[in-house]
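Step one of this worksheet: look at the structure below.
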Amino acid sequence: MASSKLSSGLIFLQLVLLVFVFNSANAQLKVGFYKYTCPKAEAVVKEVIDQVMKVAPSLSGPLLRMHFHDCFVRGCDASVLLNSSTGQAEKDSPPNLSLRGFQIIDRVKAALEKECPGVVSCADIIAIVARDVTVATMGPTWEVETGRRDGNVSRVSEPLTNLPPFFANISQLIAQFRAKNLNVKDLVVLSGGHTIGTSHCSSFNNRLYNFTGKGDTDPTLDSEYIPHLKKKCKAGDQTTLVEMDPGSVRTFDNSYYTLLTKRRGLFQSDASLLDNSQTKAYIKLQSATGGSTFFKDFGVSMIKMGRVEVLTGKSGEIRKVCSKVN
Ligand code: HEM
Ligand SMILES: *[C@@H]1O[C@H](CO)[C@@H](O)[C@H](O)[C@H]1NC(C)=O
Ligand SMILES: *[C@@H]1O[C@H](CO)[C@@H](O)[C@H](O)[C@H]1NC(C)=O
Ligand SMILES: *[C@@H]1O[C@H](CO)[C@@H](O)[C@H](O)[C@H]1NC(C)=O
Ligand SMILES: *[C@@H]1O[C@H](CO)[C@@H](O)[C@H](O)[C@H]1NC(C)=O
Ligand SMILES: CC(=O)N[C@H]1CO[C@H](CO)[C@@H](O)[C@@H]1O
């Protein structure tokens with residue numbers, strides 16, 4: 001009696017375990033998720049991106065950044081792509097101002113819907129595209145985990161509370177990355193994404209003209225660099241675009257870290273990476289060693305960022321059109 005009770009109890013436990021293991025296996029991202037359901041998925045993305053990079057290489061920056069903005073707000077669920085007829089989506093929030101390339105994601109999605117309708121999520125497209133533009137700018141490659149599903153919520157208020165602002169100090173940056181399960185190393189590594197792309201003057205104008213409200217400049221910015229930046233950005237200029245890593249704006253390399261050692265990081269957030277011993281040591285190392293481990297580290301941290309609060313298994317949906325829920 002006792003033993004049959006025990007064994008039925010054990011069987012029950014095994015069942016529970018099995019269900020648990022099955023569900024959690026289901027709920028994992030993995031490399032090659034579309035191997036059987038859409039074997040050409042990544043090749044299709046790459047083909048479109050390679051074409052785009054030939055005619056519009058300046059989209060590499062915005063397309064890399066899009067993955068960051070997607071993952072930090074409600075997880076990597078393509079909520080960043082949703083349109084709102086009333087201006088209430090993430091897209092409509094101030095930090096998005098420079099987000100571009102939505103039509104490229106739409107183009108990739110259209111190609112994939114032709115290849116295998118209803119299979120590849122918009123969230124996975126963003127993740128694969130981020131890798132492909134990094135490769136296209138001569139940066140590292142990594143194996144993108146896939147299996148994300150798309151969310152159906154996008155709120156205008158959420159980018160402001162989840163994305164660190166350009167004026168963030170080091171403790172705020174560390175805290176906001178930690179909130180997404182990313183550590184101090186991920187912070188300094190992923191900030192290296194600023195090796196490509198451009199910024200609006202509005203993201204650093206305060207450092208040039210009115211840092212503390214007394215018409216002063218940011219003392220942490222190289223004083224010899226300030227006149228050069230002032231030439232590009234007049235006081236109050238919100239719209240002019242400036243290369244963040246002048247001279248190699250379309251090349252993914254370690255020069256971001258070299259700029260930082262010269263106190264020429266463009267944003268206060270970049271500069272603040274010198275205010276922590278761990279991030280400072282990383283910057284010095286990458287600068288001194290020609291980026292010895294940066295490429296490998298970047299792939300590792302991008303994979304980690306790509307796991308933030310993802311929807312998998314039966315959660316969410318596979319959108320048919322990336323800018324709207326099914
Ligand atoms: C650490 C916190 C971060 C802050 C505060 C930050 C802030 C910014 C700001 C203010 C801009 C310029 C926007 C504009 O005015 O046009 C920018 C651009 C950019 N960011 Fe970040 N960022 C951060 C992290 C990241 C991460 C993790 C990535 C990707 C791995 C990334 C990739 C980029 C890229 C590629 C651009 C250039 C976009 C373009 O060319 O249009 N950033 N970032
Ligand atoms: C969604 O908005 C983008 C601009 O943010 C626009 O280019 C696109 O046409 C819109 N898509 C739909 C389906 O309304
Ligand atoms: C960093 O920024 C946060 C949030 O704005 C602020 O509360 C904190 O006092 C700042 N820390 C330092 C050391 O300036
Ligand atoms: C600088 O900032 C202060 C305080 O916000 C403001 O009163 C002043 O008008 C600003 N000066 C300029 C030149 O924008
Ligand atoms: C949003 O997605 C969830 C599943 O993740 C679903 O239960 C819900 O009905 C969806 N809502 C809308 C408005 O599509
Ligand atoms: C691409 C996009 O939707 N940009 C919007 C970002 O948010 C501002 C408002 O802060 C809108 O004016 C832009 O159209």
Side-chain angles (χ1 to χ4, degrees), residues 56-72 76 94-102 126-127 129-131 133-134 136-137 139-140 142 159-180 182 184-217 220 233-245 249-252 256 260 265-273 275-276 279 294 297-306 308:
S58 73
L59 286 177
S60 54
L63 287 169
L64 171 58
R65 188 173 182 227
M66 194 179 282
H67 191 36
F68 167 54
H69 280 224
D70 185 31
C71 294
F72 265 59
C76 321
N96 77 6
L97 266 168
S98 59
L99 278 187
R100 294 186 290 136
F102 294 109
I126 299 175
V129 166
R131 188 266 318 270
V133 296
T134 304
T137 49
W142 60 91
L160 268 179
T161 49
N162 287 277
L163 287 164
F166 56 78
F167 50 82
N169 61 34
I170 187 69
S171 29
Q172 189 178 356
L173 287 174
I174 290 174
Q176 291 203 258
F177 271 63
R178 193 189 294 129
K180 304 296 169 187
L182 297 168
V184 175
K185 182 169 182 186
D186 298 317
L187 166 65
V188 67
V189 169
L190 291 171
S191 294
H194 290 172
T195 178
I196 58 169
T198 57
S199 163
H200 291 79
C201 292
S202 53
S203 299
F204 58 91
N205 235 334
N206 65 326
R207 305 183 77 195
L208 308 179
Y209 293 104
N210 205 1
F211 191 59
T212 64
K214 292 176 192 147
D216 52 347
T217 56
T220 69
C233 298
K234 299 293 169 214
D237 180 348
Q238 308 287 319
T239 51
T240 303
L241 289 174
V242 175
E243 300 183 348
M244 298 199 296
D245 180 358
V249 61
R250 287 178 193 168
T251 311
F252 195 104
Y256 170 76
L260 289 189
L266 202 51
F267 309 133
Q268 279 167 268
S269 67
D270 297 321
S272 81
L273 297 173
D275 296 340
N276 168 280
T279 51
F294 173 47
D297 296 337
F298 193 75
V300 170
S301 290
M302 284 295 280
I303 291 169
K304 257 178 99 177
M305 187 175 83
V308 172

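These values consider heavy atoms only, across backbone and side chains, with no hydrogens, waters or symmetry-generated copies. Treat the numbers as computed from the prediction; the structure is a model and nothing was measured. Start at 1 and go down the list; that is how both ligands and their atoms are numbered.
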Check your understanding: Between atom CZ of Arg65 and atom OG of Ser199, what is the distance when rounded to the nearest 0.5 Å?
Key -> 8.0 Å
Review point. Counting only heavy atoms, which portion of Pro165 has something under 4.0 Å from ligand 1: side chain, backbone, both, or neither?
Key: backbone
Exercise for review: Please report which non-hydrogen protein atom sits nearest to atom 3 (C) of ligand 3, along with the residue it belongs to and the distance in Å to one decimal place.
Suggested key: Asn169 ND2, 3.6 Å
Review point. Is Thr220 close to Gln268 at the side-chain level, that is, under 4.5 Å between some pair of heavy atoms?
Key: no
Review point. Protein heavy atoms: any of them under 4.0 Å from atom 11 (N) of ligand 4?
Key: yes
Check your understanding: Would you say the side chain of Val249 lies within less than 4.5 Å of the side chain of Met244, judging by non-hydrogen atoms?
Key -> no
Check your understanding: Hey, is Ser269 touching ligand 1 through its side chain, its backbone, both or neither, going by heavy atoms under 4.0 Å?
Key -> side chain
Review point. Should one rank Ile196, Leu99, Thr198 by closest heavy-atom distance to atom 39 (C) of ligand 1, which comes out on top?
Key: Thr198
Review point. Considering only the protein, which heavy-atom contact is closest to atom 1 (C) of ligand 4, and what is its distance?
Key: Asn210 ND2, 1.4 Å
Practice item. Ignoring hydrogens, just give me the one of Phe68, Phe267, Phe298 whose non-hydrogen atom is nearest atom 12 (C) of ligand 1. Key: Phe267
Review point. Is His194 in polar range of ligand 1, meaning some N or O pair under 3.5 Å apart?
Key: yes
Review point. Relative to the heavy atoms of Pro62, which atoms of ligand 1 are at a distance of less than 4.0 Å?
Key: 38 (C), 39 (C), 40 (O), 41 (O)
**Study point:** atom 14 (O) of ligand 4 protein-contacted (non-hydrogen atom, under 4.0 angstrom)
**Key:** yes
Exercise for review: Note the single closest protein heavy atom to atom 4 (C) of ligand 3, along with its residue, its atom name and the distance in Å.
Suggested key: Gln172 OE1, 3.8 Å
Check your understanding: Can you find a heavy atom in the side chain of Phe211 that is under 4.5 Å from one in the side chain of Thr217?
Key -> no
Exercise for review: Please could you name the atoms of ligand 1 that Gly197 approaches to less than 4.0 Å, counting only its heavy atoms?
Suggested key: 37 (C), 40 (O)
Check your understanding: From atom 7 (O) of ligand 3, is the closest protein heavy-atom distance below 4.0 Å?
Key -> no
Point to revise | Beyond-backbone contact of Val129 with Val133, side-chain heavy atoms, under 4.5 angstrom | key: yes
Point to revise | Atom pair NZ (Lys180) and SG (Cys71), whose distance is rounded to the nearest 0.5 Å | key: 10.0 Å
Point to revise | Per atom 37 (C) of ligand 1, closest listed option by heavy atom (Gln172, Arg100, Met244) | key: Met244
Practice item. Side-chain contact test, heavy atoms from C-beta onward, threshold under 4.5 Å: evaluate it for Asp297 versus Val188 and give yes or no. Key: no
**Study point:** Ser191: numbered ligand 1 atoms lying under 4.0 Å from its heavy atoms
**Key:** 1 (C)
Point to revise | Contact (N/O only, under 3.5 Å) between His200 and ligand 1 | key: yes
Check your understanding: Can you list the ligand 1 atoms lying under 4.0 Å from a non-hydrogen atom of Gly193?
Key -> 35 (C)
Practice item. Answer with side chain, backbone, both or neither: which part of Pro164 has a heavy atom less than 4.0 angstrom from an atom of ligand 1? Key: both
Exercise for review: Return the orientation label for the His194 and Phe267 ring planes: parallel under 30°, perpendicular over 60°, tilted otherwise.
Suggested key: perpendicular
Check your understanding: Under 6.0 Å between ring centres, would you say that holds for Phe294 and Tyr256?
Key -> no
Check your understanding: Roughly how far, to the nearest 0.5 Å, is NE2 of His200 from CG of Asp237?
Key -> 9.5 Å
Exercise for review: Give a yes/no verdict on whether any heavy atom in Phe204 is under 4.0 Å from an atom of ligand 1.
Suggested key: no
Practice item. Name the closest protein heavy atom to atom 5 (O) of ligand 4, giving the residue it belongs to and the distance to 0.1 Å. Key: Gly213 CA, 4.5 Å
**Study point:** Any side-chain heavy-atom pair of Phe72 and Met305 under 4.5 Å
**Key:** yes
Review point. Taking N or O atoms only and a 3.5 Å limit, does Ser203 qualify as a polar contact for ligand 1?
Key: yes
Check your understanding: Tell me, do Phe177 and Val184 make a side-chain contact under 4.5 Å, heavy atoms counted?
Key -> no
**Study point:** Interatomic spacing from CG in Leu173 to OG in Ser272 - rounded to 0.5 Å
**Key:** 4.5 Å
